[in-house]
Each structure stands twice: as structure tokens, then as C-alpha cells.
Amino acid sequence: MSPAETPRTTVDPARVAALTATEDELFLRTHPRSKVLFDRAQAVMPHGVPMSWMAKWPGAYPVFVDEASGAHFRDVDGLDYVDLCLGDTGAMTGHSPAPTVATVREQVGRGITAMLPTEDSVVVAEELRRRFGLPLWQFTLSATDANRHVIRYARHVTGRPKVVVHDWCYHGSVDETFATLDAAGRTVPRRGNIGPPVDPAETTIVVEFNDVDALGRALAGGDVAAVLVEPALTNVGIVLPDPGYHDALRELTRRHGALLVIDETHTLSAGPGGYTRAHGLEPDLMTMGKAIAGGIPAGAFGMTHEVADRIARSIELEDIDVGGIGGTLAGNALSLAAMRTTLTEVLTDEAFARMLPLGARWADGVDAGIARHGLPWHCTRLGARGEYTFTPTAPRTGAEAHAAGDFGLEQLLHLWALNRGILLTPFHNMALICPATTEADVDRHTEVFDELLAALTG
Ligand SMILES: Cc1ncc(COP(=O)(O)O)c(C=O)c1O
């Protein structure tokens, strides 16, 4: 974000800079072993990290992990952290949940991948049907792939070229979704879009979240194959839908013959059947990934019988392996075994019954800190997930949420927390609760957050 866009956080930038300098120095003093590894890593990996996003952590370099278990991890300097990032949801089960670990250990010795189905695939598909309502399921290795596949299917069966997405959405590295609205309301490449194959305006129509009129206009052209949405935005801060927004979305997509795809990858935090089940939504297709196999690579997409019939009618068996759907390792025995145990023994209804109140406890702690220090900030809740923004009220659109960002302040908040044993999601001020998180873990964040607000405002 450029300085011109820097928002109204009511925090003195000079104080942010001074505190950041102190925290940077503290980080360097307390993380010497990570530094040694980082120096080696820089010689063999760009930014010294195995995946480019890992360069975005606060501090001079990322902490290198020694061991992670449940809601905590320990770094190579021997420091313990409450993990509220949880691998940006990949470890929403808690790190290495015992039942999943036992299953994975066993399955590794019984065959990892054969490109043949196992009984586990049937059990998992039955469980996903029970939880999310859609009757038919397919598997991938990531949520990104699930989204790519449903977009291809939607284009194929509707014969239409375009996809509608929300402004400031994120659905994985899916070309069609890297678009935003410009000031004139046109669809343009998202800032930072790396090497788009074509101008996203050719494939995509972007509409603002909660804007029913814009959605109606986008669909009225009759060229939209699918509307791909998170039921609440979670990747530009959390933006909740207005009452009635999902009803309008469903009604308009049906009226204009576009398929409705709900991406539940992050909104699984709303409950055992995600936001969809918690709010009685009726998508044509649904996608997910990340946590559903306890961190073992896995994704899934579900569909109605009607969509499945349309697909079946339009695809020849002879071409099924070369049409752009699937992958050699997708649906492998190991991923499915991990998914079975994770869904039936880890991310259970009982686990959510513990996680949801802890999510509320975290947000209560944040709200209390904000109120005590008189800051015009807001905390938004999404079940086991919460996020605070530097605005007095909840953002209603992706653009509002994006404009509320303040990269420098966020880096300080995150570094302050990290230096006191708490890991937050690096891309924004989000926290996630896992089944192993305790009240003491949540309260530790409340305490640390309060101390920082005191330092910022006192
Ligand atoms: C809503 C949503 N969908 C899909 C994805 C892609 O997940 P992955 O990178 O694991 O493929 C993400 C990643 O953050 C996401 O937030």
C-alpha cells in the first residue's frame, strides 16, 4: 500500500517506527539459530525460503520451525509459540493431530498411491455429503486445484466463457480470480498479478461483495458460466455478507443460468458443515482444501446430481484423462486415509463445539483491548476465526477492507506478538482456533495485544 493510501488508524506513525525498531532488535537477539539457517538458505532459495510467501513474515527473517504439536510450535532457538496462524488454515486441526498421524503412519506402509480407489474415498465422500449437503464428490491435492477444476467444468457444461468473482477475493493461484475493480468499476489485473496468461477482463467480471445490483448487471449479459465466492470474504480481512445477500446470489444465478460455486476452504471455521450448512446455502458446486486431511495435501469439490449429469453427458470416457481435470496423485490412498480420520476423529462436531466459544473468547479479548485503549478499530467474528481491522465498523466490501489495511502497523503488531510467543497469520490480523487451543492460549494473546495497545497509545 502506498503512503497516499495509508488509512486512519489514529496511531502515531513515529511511535510505530520507534517500536518497530526496538522489536526488530529484540527479534535478532532472540533468534540466532534461525539466522544461521536463513543465511544458508539465502544461498540456495530466493528470499531464503522454500515458497515465496514465507518471505512476508515480520522480522528480519522467518523463524525456522523445529517441531509443531497441537496449538503450539517450537522454533530452532527453542522458543515456544501459541500458533494462531496454523499454517494459514492448513493446520486448523492442530499440528499433527494424533488420530491422523496414526492413520498416516499405517497407510504409508500399506500403499501411498495406485490411481485406484480405496474404501476410504467412499467413506470420505459419504461424510462430506452428510456435512455439506452436496451428494457427489471428487478429490484433488489442493483447494486451488478444486477451484480450477470447477471453473473448467462450469465453462464446459454451460458453454459460457466468464467467471464472476468478488473484488479482493482469494481462491488460490487461479488465473481467473486475480482481478480487481478499478476506480471506474472496470475489471483489471490485481496489483501484483504475476504473468497473467491473458488480460483477466477477458475471463472475469469482478463485482463488489454485498452489491446485488452489480451482480445482477454482471449476470444479465448471459455469458457467465459460474459465480465463485467465499460465503464471507476471509482473505482481505473478514467481510461478512449482508442479510439477504446469499438469497439474492442464489436467486440471480438461477435466474441467469450461472452455476453457484461456494469455496469453503477458510469458512470451514463457521462449523462442521462450513458456512454453507450453518446458513442453509444451496450451491451447485463447492470447493475446499487445506485442513481437511490434517495438513496432508488434499482438496475436494462437491456437486449436485444435476451438474454431474451435465458433465457426464458432455464428456467422452476416451478423453477423460486429457480434458484438464484431475492429476496423477489426486485422490491418492494416503490423502484419502488422512481425510477420513481427520473428518471423523479430529474436526468433529464435538471439536467445533469447543472451538467456536474459544473463537468468541479471542474476539472478546480483542474487543476489550480496543475499548480500553479507545481505538477506532473493529473485530469481526467467523466462528473459530476472528480478525481485527483499523476501522470503527465492520467493512462491508472488499475495497473497504483493503483500504483499511496498514502494512507497517500490521508488521509491528505481528512482530510484537511473535517476540512474545504468539504467531498470527502474516497477511492480515487474523487468528484461528484449533481443537487443541486452550483458554490460556487465547488469554495470552489478549494480554499481549493489550500491552501493545498500551505501548502504542500511552
Ligand atoms: C478461500 C480460499 N480458497 C482456496 C485457497 C487455495 O488454497 P491452496 O493454496 O491450499 O490451494 C485459499 C488459500 O488461501 C483460500 O483462502
Side-chain angles (χ1 to χ4, degrees), residues 49-54 56-57 84-93 132 138-152 154 163-180 190 192-194 204 206 209 226-241 260-270 274-276 281 283 285-302 325-327 329-331 335 338-339 342 347 380 382-387 398 401-402 424-432:
V49 289
M51 194 272 287
S52 52
W53 307 355
M54 294 184 197
K56 210 171 169 181
W57 289 102
L84 295 173
C85 168
L86 294 167
D88 193 16
T89 307
M92 183 181 164
T93 51
F132 295 97
Q138 292 281 273
F139 299 96
T140 62
L141 289 180
S142 69
T144 297
D145 277 351
N147 284 324
R148 283 196 188 121
H149 291 0
V150 296
I151 287 174
R152 289 190 88 111
V163 177
V164 169
V165 297
H166 284 130
D167 201 25
W168 297 107
C169 69
Y170 187 77
H171 296 281
S173 48
V174 178
D175 290 319
E176 291 86 344
T177 63
F178 283 99
T180 46
R190 183 179 179 141
N193 187 344
I194 300 167
T204 306
V206 177
F209 197 72
V227 180
L228 170 62
V229 300
E230 275 195 285
L233 295 181
T234 66
N235 283 289
V236 60
I238 296 175
V239 185
L240 299 176
L260 175 59
V261 185
I262 293 193
D263 180 345
E264 282 280 3
T265 305
H266 275 187
T267 46
L268 284 177
S269 64
Y275 196 96
T276 294
L281 308 186
L285 292 137
M286 180 185 289
T287 57
M288 64 189 69
K290 295 205 183 187
I292 57 175
I296 298 292
F301 58 99
I325 303 286
L329 300 181
S335 294
M339 229 184 293
T342 301
L347 285 180
T380 304
L382 188 54
R385 190 185 292 283
E387 166 126 18
H402 182 256
L424 290 163
T425 309
F427 316 123
H428 28 104
N429 307 313
M430 189 161 74
L432 183 63

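Atoms within a ligand are numbered from 1 in the order they appear, just like the ligands themselves. Quantities reported herein were computed from a predicted structural model and do not represent experimental measurements. Residue numbers start at 1 and run along the sequence shown.
- Within 4.0 Å of ligand 1, contacts by protein heavy atoms are made from S142, A143, T144, N147, Y170, H171, G172, E230, N235, D263, T265, H266, K290.
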Show the atom names and distances, to 0.1 Å, of all donor-acceptor pairs under 3.5 Å that link a side chain in residues 291-299 to residues at least two apart or in another chain.
none

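- With contacts defined as side-chain heavy-atom distances shorter than 4.5 Å, the pair M54/P426 does not qualify.
- Judged purely by distance below 3.5 Å, without hydrogens or angles, the side chains of H428 and E387 pair a donor atom with an acceptor atom.
- Looking at D175 and R148, no side-chain N of the basic residue comes within less than 4.0 Å of a carboxylate O on the acidic one, giving no salt bridge.
- H171 pairs with exactly one of T144, T287, D263, N235 by the side-chain hydrogen bond (donor to acceptor under 3.5 Å, both in side chains) rule, that one being D263.
- The aromatic rings of H402 and W168 lie parallel to each other, with less than 30° between the two planes, well short of the 60° mark.
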